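For reference, the structure is listed below as structure tokens.
Atom set for the values below is all heavy atoms of this structure, side chains included, hydrogens, waters and symmetry mates excluded. Treat the numbers as computed from the prediction; the structure is a model and nothing was measured.
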Amino acid sequence: MKLNTREWGTGDRVAVLVHGIMSDHRTWRRLGPALADKGYRVIGVDLRGHGASGRGAYSPEIFADDLIDTVPSGVELAVGHSLGGMALALAVERLAPARAVYSDPAWALGAAGVDPAVFVEFRNATRRTIANLNPRWEEADIDIEVATLAAWDPDTALALSGPNAVDRTPAAPVVPSLVQVADPSFLVSDELKGELERRGFEVRTVKGAGHTIHRDNFDAYMGSLDGWV
């Protein structure tokens with residue numbers, strides 16, 4: 001599937017941004033322009049079942065295939081958050097970016113004891129509920145969350161359950177790779193952080209940020225990208 005995309009900047013270097021579940025390219029409202037200011041042409045995708053992209057069959061492997069069908073290979077930088085980190089890891093060998101950043105990736109969602117079906121219940125969350133759950137977000141991020149939930153197909157979450165709820169933690173980084181970890185993270189335990197380092201990943205914990213690191217503490221998020229962007 002050719003995915004809907006949004007671009008920022010016209011630089012010679014290309015960066016690809018892949019959002020998490022229930023979201024779309026609008027989650028990158030600050031990172032997209034920030035990378036454009038650093039000389040990148042930034043491509044933010046809407047994964048299948050999210051935003052303005054089409055609907056259809058869903059699985060982590062299909063999300064990865066869609067990335068390959070949509071964005072150019074050999075880009076300078078690829079960033080994936082949560083589900084986007086899972087899709088990016090499954091596509092990274094074919095996508096072949098110079099560097100990959102996985103932001104609190106959902107590689108071991110099933111192993112972490114999280115049933116993706118719980119996300120379906122969040123489909124009709126009110127603005128007040130979103131604000132209460134995310135006290136560090138700016139007003140614009142709350143507005144975006146309301147809009148992206150309305151544009152999201154909950155079947156994407158159900159496709160991560162059952163036989164698809166397996167641990168997809170990469171055995172080793174295919175390209176130089178950074179893993180950003182929330183503080184604390186319900187997806188990346190301290191044990192897993194150590195294991196990822198042994199496997200060759202660089203791991204950085206972003207202090208004071210929850211799972212949506214780039215929205216919880218943008219300055220700390222950007223600081224953790226030092227040397228990678």
Within the side chain of Ser23, is there an N or O that forms a donor-acceptor pair under 3.5 Å with the backbone of Gly20?
-> no
Side chains of Trp137 and Thr212 in contact at under 4.5 Å (non-hydrogen atoms) = yes
Tell me, with the steps shown, if Asp69 and Lys2 meet side-chain contact (heavy atoms from CB on, under 4.5 Å).
-> CA-CA 6 Å; Asp69 289 342; Lys2 196 80 169 180; 5.5 Å; no
Quick one: are Ser103 and Val206 in side-chain contact, heavy atoms under 4.5 Å?
-> no
CD1 on Ile142 to CG on Asn132, rounded to 0.5 Å | 9.0 Å
Salt bridge or not for Arg41 and Glu76, using N-O below 4.0 Å?
-> no
Distance-only, no hydrogens or angles: does the Thr27 side chain make a donor-acceptor pair with backbone N or O of His19 under 3.5 Å?
-> no
Taking the side chain as every heavy atom from C-beta outward, state whether Trp152 and Asp24 have any pair of such atoms under 4.5 Å apart.
-> no
To the nearest 0.5 Å, how far apart are CZ in Phe201 and NZ in Lys193?
-> 15.5 Å
Do Leu133 and Phe122 have side-chain heavy atoms sitting under 4.5 Å apart?
-> yes
Side-chain donor-acceptor contact under 3.5 Å, Thr205 with Asp183 = no
same_hphob_cluster(Trp8, Val14) at 4.5 Å side-chain heavy-atom cutoff | no
If Ile, Leu, Val, Met, Phe, Trp and Tyr residues are connected whenever their side-chain heavy atoms lie under 4.5 Å apart, and connections chain through other members, are Val101 and Leu47 in the same group?
-> no
Closest approach of Ala87 to Ala64 (non-hydrogen atoms, all atoms of both residues) | O-CB, 3.5 Å
Determine yes or no for a side-chain-to-main-chain donor-acceptor pair under 3.5 angstrom, with Arg123 supplying the side chain and Leu149 the backbone.
-> yes
Hey, is the main chain of Glu145 close enough, under 3.5 Å, to the side chain of Thr148 for a donor-acceptor pair?
-> yes
Scan the side chains in residues 219-229 for donor-acceptor partners under 3.5 Å anywhere in the protein, sequence neighbours excluded, and list what turns up.
from	atom 1	to	atom 2	distance (Å)
Ser224	OG	Gln180	NE2	2.6
Ser224	OG	Tyr221	O	2.7
Trp228	NE1	Glu202	OE1	3.4

Joint cluster assignment, Leu83 & Leu192, ILVMFWY side-chain distance < 4.5 Å = yes
Least distance between heavy atoms, Ala182 atom then Gly210 atom = CB-O, 3.2 Å
Check the pair Val42, Trp28 against side-chain contact (heavy atoms from CB on, under 4.5 Å), reporting the backbone distance first and the verdict last.
-> CA-CA 10 Å; Val42 185; Trp28 305 114; over 6 Å; no
Should Leu178 and Leu88 be regarded as members of a common hydrophobic cluster, given that ILVMFWY residues are connected when their side-chain heavy atoms come within less than 4.5 Å of each other, either directly or indirectly?
-> no
Provide the closest heavy-atom pair for Leu109 versus Leu187 in the form atom of the first, atom of the second, distance.
-> CD1-CD2, 3.6 Å
Glu195 atom CD: more than 12 heavy-atom contacts under 6.0 Å | yes
Within the distance-only criterion (no hydrogens, no angle test), does the side chain of Asn217 pair as donor or acceptor with the backbone N or O of Ala209 below 3.5 angstrom?
-> no
Can you check whether Gly51's main-chain N or O pairs, donor with acceptor, with Arg26's side chain at less than 3.5 Å?
-> no
Salt-bridge contact Glu138-Arg29 (side-chain N to carboxylate O under 4.0 Å) = yes
State, yes or no, whether a side-chain contact exists between Asp66 and Val45 at a heavy-atom distance under 4.5 Å.
-> no
Is there a path from Leu3 to Tyr58 through hydrophobic residues (I, L, V, M, F, W, Y) whose side chains come within less than 4.5 Å of each other?
-> yes
Is Arg13 reaching over with its side chain to a backbone N or O of Leu77, donor-acceptor style, under 3.5 angstrom?
-> no
Exam field: side chain Ser53 to backbone Asn4, donor-acceptor pair closer than 3.5 Å = yes
Indicate the atoms forming the closest heavy-atom contact of Pro60 with Leu160, along with that distance.
-> CG-CD2, 3.6 Å
Full working for side-chain contact (heavy atoms from CB on, under 4.5 Å) between Asp141 and Phe218 | CA-CA 12 Å; Asp141 294 307; Phe218 185 72; over 6 Å; no
Taking the side chain as C-beta and beyond, is there a heavy-atom pair between Ile130 and Val146 under 4.5 Å?
-> yes
Identify the two heavy atoms, one from Asn164 and one from Ser59, that lie closest to each other, and give their separation to 0.1 Å.
-> ND2-CB, 4.2 Å
May I ask you to test the Val181-Asp104 pair for a side-chain heavy-atom distance under 4.5 Å?
-> yes
Between the main-chain N or O of Met86 and the side-chain N or O of Arg168, is there a donor-acceptor pair closer than 3.5 Å?
-> no
Heavy-atom side-chain proximity of Thr169 to Leu196 below 4.5 angstrom = yes
Can you tell me how far CG of Leu31 sits from NE2 of His25, rounded to the nearest 0.5 angstrom?
-> 13.0 Å
What distance do Asp216 atom CG and Asn134 atom CG have between them, rounded to the nearest 0.5 Å?
-> 6.5 Å
Of all pairs that satisfy ring-ring contact (aromatic ring centres under 6.0 Å, His included), the ones with a partner from residues 67-106, not counting sequence neighbours | His81-His211, His81-His214, Tyr102-Trp107
Inter-residue atom distance Leu90.CG - Ile62.CD1, 0.5 Å rounding | 11.5 Å
State which residues pass salt bridge (charged side-chain N to carboxylate O under 4.0 Å, His left out) with Asp65; sequence neighbours excluded, sorted by chain then number.
-> Arg94
Ile213 side, atom CD1; Ser185 side, atom OG - distance, nearest 0.5 Å = 7.5 Å
Nearest atoms (heavy-atom pairs only) where Pro72 meets Leu95 = O-CD1, 3.4 Å
Are the side chain of Arg48 and the backbone N or O of Ala57 linked by a donor-acceptor pair below 3.5 Å?
-> yes
